[in-house]
A.B. asks: 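Quick one: this structure, given as structure tokens, is what I'll be asking you about.
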Protein chains: 2
Amino acid sequence: MELDDRKLRILKAVIQNYLETGEPVGSRTISKYTDLKLSSATIRNEMADLEELGYIIQPHTSAGRIPTDKGYRLYVDDMMNQKAEELSTREAEVADREKEVESMKDMLSEKVDRVEELLQNVAKVLAKDTNYATMITSPQVKGNKLKFVQLSFLDEDKLLAVIVMEGNLIRNKVIRIQDTLSQEDLLKLNILLNTSLNGLTLEQMSIAMVKTMENQAGEHVGLIKDVLEAIVDTIRNADDLKIYTSGATNIFKYPELSDSNKASELIYTLEEKQSLTGLVSEESDEASNQGIQVYIGNETPIDTMKDCSVVTATYELQDGMKGTIGIIGPKRMDYEKVVGTLQTIRTQLDGMLKKT
Amino acid sequence: MELDDRKLRILKAVIQNYLETGEPVGSRTISKYTDLKLSSATIRNEMADLEELGYIIQPHTSAGRIPTDKGYRLYVDDMMNQKAEELSTREAEVADREKEVESMKDMLSEKVDRVEELLQNVAKVLAKDTNYATMITSPQVKGNKLKFVQLSFLDEDKLLAVIVMEGNLIRNKVIRIQDTLSQEDLLKLNILLNTSLNGLTLEQMSIAMVKTMENQAGEHVGLIKDVLEAIVDTIRNADDLKIYTSGATNIFKYPELSDSNKASELIYTLEEKQSLTGLVSEESDEASNQGIQVYIGNETPIDTMKDCSVVTATYELQDGMKGTIGIIGPKRMDYEKVVGTLQTIRTQLDGMLKKT
DNA sequence: GTTAGCACTCATTATTGTGGAGTGCTAATA
DNA sequence: TATTAGCACTCCACAATAATGAGTGCTAAC
């Protein structure tokens, strides 16, 4: 059996209706809903075929049909193709998007000193806008290069190391010391560190570290070792993935997700964040879908989200750092809106971050 | 009518039983549960009295009794008094606590570089340990005094200001500049800032700021203004309250809280965090209850927690910074355990933070 | 003052019944 | 041959009803 054009139209109608209502949709509804003038009986026949083909299913004998994962997949793929063709040329929608982003910027510009807050806010705004749960990761770099280090006295027994990496990633680290150190010693140490370490990646540093220590042996060897260790440690942790989530409670808006067990599991994964790393897409098939991935039901990499759909987007900043935005909702989520929103956000984010 | 000793014992028995089971408790249960040898009929009479006195209530005519807020209050107050007397002298319990804290330290020592992570972890461990939702605030200072400022070049058009306050609170701020600045200029600026600002609170600073600017007028006035503004701004934000929560999904373990609406509201407040500021206790009645507050039902300052009980503890670090830990659970929470745990945590926290 | 006994109440659970939405099938129609 | 009208059938959802049982209040006896 073939999936001819009429079947496709009926299938889309079923899915669209189900996205709106969340209720199984019957033949009579379709017969009136669509512009193809067909009686409910005909629709019924077609729907029986669609069921045989695996696109829809009926939850029980005398109910309407709901889409299967396969059905959603077809629908989403089709939509993504259209999106690609259109390239958002439809005026009304573009205007809408613009406005949306504008209002988003307004909300974001409130008080965003730190990247952290901005990302948290993006998650929040996105959640409010879409009525789904959202997540966003901090931008990641590949090889963190050291730009400079700055040591200063904090107390008699403590040093403050300010570590700046390429891309102006800044970290502070308090180092406890035993040796008493003069102001001059500190100055020397600063110079030594910066001349020998700047521009190095973490890997190169471990090697450079040993050499430096050999050359400089004698005074304050223990101290230097401590300081180097602290720096290396800090850099290693600097690019650890931070994940921000928001709108977890939005899932209660969808009855199919809000029974106690499912909700609890879902919210737990969102709160715990750990397993969300599974969503950061390794390779983004940039070409076909502009860094946007749609996972439907079982396709998602996270077990607790088998009853959800997840849409992720990869954003990329001008300096090459990449991050992931994710939207988690019911399988009957408004894919069109979500994909559209993510498309614009992912391109706007760079500008937002630059502005801070 | 009086609340004689027998009534009190029965009341306690009712509450204890209800804490365990969460079910209304009947006269027969009490008759067997307690060591006072009384028939169910007698208990019934007493319970009728207790109801009249407002300590217990029956959800419907032929059900057992459950404690009212007033009942809980009596129970908790009584317990707190006992605690105060005992001063945790019971060996078994103390040993338990020790072990608990020990295992907590183990979990915490894993990888805690930053205070932020430590606090987040405390919340997490506490939630896991108690099976309730938890929150913890960052330690707060009253008047933030500046220790020193350190400016360095980040890019041609950006300065990095490292701002260190008393108590070694460290903040970074990137400042965008228009003027081109020589290395010497920067050095001068650093000296100027540190000689005129060190040891000042935020309030004093605004005044000092103006004077400094007047004295130094001429070169780079705009720049100085920008830098000062950035510093003031940073300090102002430095002591903004950060709140960490964990274990929100624990509430699903208690049927009386896990219906969709209540759960959603509760988790939302925990996720949003904003309104949790209502829990940071202004004045802690240190004397009577060692900085521990118990809010039962309507007593809690937060609307969405009317069906919960909240126990808060104030912790204080050696350098005088204070913070709040809170535990949010059902009204039938295990007050004894919670209070005990908080008592030990709040004293241990200082040590944990020092260790980092 | 305490207790045994009994009638009564009312939430909970199971049982049954009914209405309606929606289907599949068949026969008639274009 | 494709479409449609008609009808019997299925099964969920919901309401009404009945059965169960835990627990009470009250009274009378101890």
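These values consider heavy atoms only, across backbone and side chains, with no hydrogens, waters or symmetry-generated copies. A note on names: the letters A, B, ... follow the listed sequences, proteins ahead of strands, and every chain is numbered from 1.
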A.B. asks: Keeping to residues at least two apart or across chains, list the salt bridge (Lys or Arg N to Asp or Glu O under 4.0 Å) pairs with something in residues 270-281 of chain B.
C.D. replies: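 Every salt bridge (Lys or Arg N to Asp or Glu O under 4.0 Å) pair that includes a residue of residues 270-281 of chain B, provided the two are not neighbours, is A:K124-B:E272.
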A.B. asks: Near DNA chain C, counting only heavy atoms under 4.0 Å, which residues of residues 9-21 of chain A show up?
C.D. replies: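 Close to the strand, none.
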A.B. asks: Tell me the salt bridge (Lys or Arg N to Asp or Glu O under 4.0 Å) pairs involving residues 33-45 of chain A, sequence neighbours left out?
C.D. replies: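 Passing the test, one end in residues 33-45 of chain A: A:R9-A:D35.
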A.B. asks: How many whole angstroms separate atom CD of A:E46 from atom P of D:dA2?
C.D. replies: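 Rounded to the whole Å, the gap is 11 Å.
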A.B. asks: Between atom NE2 in B:H60 and atom C1' in C:dC8, what is the gap in whole Å?
C.D. replies: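 Nearest whole value for this atom pair: 13 Å.
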A.B. asks: For the pair made of CG in B:L36 and P in C:dG1, what is the distance, rounded to whole Å?
C.D. replies: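 Rounded to the whole Å, the gap is 17 Å.
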A.B. asks: Nearest 0.5 Å, what's the CD1-CG distance between A:I43 and A:L38?
C.D. replies: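 Separation between the atoms: 5.0 Å.
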A.B. asks: According to the salt bridge (Lys or Arg N to Asp or Glu O under 4.0 Å) rule, which pairs have a member within residues 47-73 of chain B, sequence neighbours left out?
C.D. replies: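 Applying salt bridge (Lys or Arg N to Asp or Glu O under 4.0 Å) to every pair that reaches into residues 47-73 of chain B, excluding sequence neighbours, yields B:K7-B:D49, B:E51-B:R65, B:D69-B:K331, B:R73-B:D77, B:R73-B:E299.
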A.B. asks: Would you please name every residue forming a side-chain contact (heavy atoms from CB on, under 4.5 Å) with A:T21, sequence neighbours left out?
C.D. replies: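 Per chain and number, A:T21 pairs via side-chain contact (heavy atoms from CB on, under 4.5 Å) with A:N17, A:E23.
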A.B. asks: Rounded to whole angstrom units, what separation is found between the CG atom of B:D5 and the C1' atom of C:dG1?
C.D. replies: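 After rounding, the reported distance stands at 17 Å.
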A.B. asks: Could you note down all residue pairs passing salt bridge (Lys or Arg N to Asp or Glu O under 4.0 Å) where residues 259-269 of chain B supplies at least one of them, sequence neighbours left out?
C.D. replies: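 Passing the test, one end in residues 259-269 of chain B: B:K262-B:D307.
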A.B. asks: What string of B, S and - do you get for nucleotides 15-30 of chain C, 5' to 3', when a contact is any protein heavy atom under 4.0 Å?
C.D. replies: ------BSBB------
A.B. asks: So which one's nearest nucleotide on DNA chain C is more toward 5', B:K37 or B:P59?
C.D. replies: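 Its nucleotide being nearer the 5' end, the pick is B:K37.
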A.B. asks: Using the ring pair (Phe, Tyr, Trp, His ring centres under 6.0 Å) criterion, which residues pair with A:Y254? Sequence neighbours excluded.
C.D. replies: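 For A:Y254 the ring pair (Phe, Tyr, Trp, His ring centres under 6.0 Å) partners, ignoring immediate neighbours, are A:Y132.
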A.B. asks: According to ring pair (Phe, Tyr, Trp, His ring centres under 6.0 Å), who are the partners of B:Y295, at least two apart in sequence or on a separate chain?
C.D. replies: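 B:Y295 satisfies ring pair (Phe, Tyr, Trp, His ring centres under 6.0 Å) with no residue once adjacent residues are dropped.
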A.B. asks: Specify the separation, in whole Å, of atom CD1 of A:I30 and atom C1' of D:dT3.
C.D. replies: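 Value for this atom pair: 18 Å.
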A.B. asks: For a 4.5 angstrom cut-off between non-hydrogen side-chain atoms, does B:Y18 reach B:Q16?
C.D. replies: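 The answer is no; the side chains never approach within 4.5 Å.
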A.B. asks: Tell me the interatomic distance from B:K32, atom NZ, to C:dT3, atom C1', rounded to whole angstroms.
C.D. replies: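 After rounding, the gap between these two atoms is 17 Å.
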A.B. asks: Can you tell me how far C1' of D:dT3 sits from CD1 of A:I43, to the nearest Å?
C.D. replies: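 Rounding to the nearest Å, CD1 of A:I43 and C1' of D:dT3 are 11 Å apart.
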